[in-house]
Amino acid sequence: MTKKTAHGAQVVPDMELWENVMRAVKPLRARSLRAEEPKSSDPVKSKSRHSPSPAARHSSPMPKEPPLLTGLDRRLSRRLTRGQLEYDAKLDLHGARTAEARGRLLGFLQSSRSRGHRILLVVTGKGASPFARHTLHGDSHFHAPERQGRLRRLVSEWLHEPEFRQHISGFQPAHPRHGGGGAFYLRLRRGTSARP
């Protein structure tokens, strides 16, 4: 129903204007469901029938990504660097093949966490490099290519992956009496391990 203004122009109510616009719009692609559904004059109701609710779109919830490693707090890191703390459990990966070492490390993290351990020692070995013994000089020094054994490098990469990050909050190279550049201290997250 249209109204006329004092100047003779026609005023179209909002709903009528909306319906005119909706009739003029052409879909980008034809949908077979539209032909079967009864037409509704209420655009809000018809839209709600076509778009599924957010819960219906995602039938299975996406797995939550574990938080990134935050590292060890300064006080704990300093005490470990000085050799003033003992670890709760130890895993020695000397001589292990890559796939075996990865599986053993993940299992070790899960079982240690379920036992309530907090600080772990993982021994990887220093490698055969002539520079391997000189590694107590800071965090960046440990990542110099000439100072890394293969397993030692791989373990530090694995620990940044989601399946390992869900168990640990940080890690750092060990004190010389615990293996120095050929070992890592790992700090486990609180709570029990969720086995897949």
Side-chain angles (χ1 to χ4, degrees), residues 57-196:
R57 274 187 233 134
H58 303 290
S59 58
S60 62
M62 296 295 290
K64 187 177 175 184
E65 181 81 10
L68 297 175
L69 298 181
T70 57
L72 308 179
D73 63 75
R74 191 178 352 171
R75 183 170 179 257
L76 176 63
S77 179
R78 193 179 310 134
R79 291 183 69 195
L80 287 169
T81 302
R82 293 175 180 167
Q84 296 172 338
L85 281 180
E86 287 297 318
Y87 52 86
D88 297 318
K90 175 182 175 180
L91 174 66
D92 191 343
L93 296 174
H94 272 109
R97 294 183 180 271
T98 304
E100 176 194 357
R102 184 182 170 89
R104 285 177 57 194
L105 177 60
L106 188 56
F108 177 65
L109 295 178
Q110 290 170 338
S111 65
S112 296
R113 193 169 171 205
S114 66
R115 291 185 181 119
H117 294 161
R118 293 305 309 254
I119 306 292
L120 305 179
L121 178 69
V122 175
V123 180
T124 60
K126 296 175 186 175
S129 164
F131 300 101
R133 295 182 186 273
H134 309 287
T135 54
L136 191 62
H137 301 289
D139 190 34
S140 62
H141 184 79
F142 291 99
H143 300 292
E146 70 274 10
R147 292 182 167 84
Q148 291 185 354
R150 183 167 188 262
L151 192 55
R152 184 184 184 288
R153 178 181 50 80
L154 287 172
V155 165
S156 66
E157 290 173 8
W158 295 338
L159 294 175
H160 287 281
E161 295 176 6
E163 62 186 318
F164 289 91
R165 281 195 335 251
Q166 69 179 331
H167 300 294
I168 68 166
S169 60
F171 67 98
Q172 75 176 38
H175 185 272
R177 73 184 173 106
H178 292 149
F184 292 104
Y185 294 123
L186 280 63
R187 172 75 179 239
L188 291 177
R189 296 188 187 279
R190 292 192 185 278
T192 58
S193 158
R195 288 183 180 263

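- Counting heavy atoms from C-beta outward, Asp92 and Leu121 have side chains that stay 4.5 Å or more apart.
- For the residue pair Ala89 and His117, the shortest heavy atom distance occurs at CB-ND1, 3.6 Å.
- Panel note: side chain Asp88, backbone Leu120; no donor-acceptor pair is recorded below 3.5 Å.
- Rounded to the nearest 0.5 angstrom, Ile119 CD1 and Arg79 CZ are separated by 9.5 Å.
- Atom CG of Leu188 and atom CD1 of Ile168 lie 8.0 Å apart (nearest 0.5 Å).
- Panel note: side chain Ser169, backbone Arg189; no donor-acceptor pair is recorded below 3.5 Å.
- Residues Leu159 and Leu69 share a closest heavy-atom pair of O-CD1, 3.4 Å.
- Atom OG in Ser156 sits 13.5 Å away from atom CD in Gln172 (nearest 0.5 Å).
- Outside the 6.0 Å centre-distance limit, the rings of His178 and Phe184 are not counted as a close aromatic pair.
- Proximity of a side-chain donor or acceptor of Ser112 to a complementary backbone N or O of Leu109 within less than 3.5 Å is not detected.
- For His175 and Tyr185, the distance between ring centers is not under 6.0 angstrom.
- Between Leu93 and Phe108, every side-chain heavy-atom pair lies at or beyond the 4.5 Å cut-off.
- Residues Arg118 and Arg187 meet the side-chain proximity criterion, which asks for heavy atoms closer than 4.5 Å.
- No side-chain heavy atom of Thr124 sits under 4.5 Å from any side-chain heavy atom of Leu154.
- Exactly one residue among Gln110, Arg104, Arg102 makes a side chain to side chain contact (heavy atoms under 4.5 Å, CB included) with Leu106. That residue is Gln110.
- Between Arg74 and Ser77 the shortest side-chain heavy-atom distance does not fall below 4.5 Å.
- Judged by distance alone, the side chain of Arg113 and the main-chain N or O of Arg190 form a donor-acceptor pair under 3.5 Å.
- Here the closest heavy-atom approach between residue Ala101 and residue Leu151 is recorded as CB-CD1, 3.7 Å.
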Practice item. Begin from the C-alpha positions of Trp158 and Arg165 and carry the test side chain to side chain contact (heavy atoms under 4.5 Å, CB included) through to its verdict. Key: CA-CA 9 Å; Trp158 295 338; Arg165 281 195 335 251; over 6 Å; no
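- For the pair Thr98 and Arg150, the minimum side-chain heavy-atom distance is below 4.5 Å.
- The 12-atom threshold is exceeded at CZ of Arg177, counting heavy atoms of other residues, nucleotides or ligands nearer than 6.0 Å.
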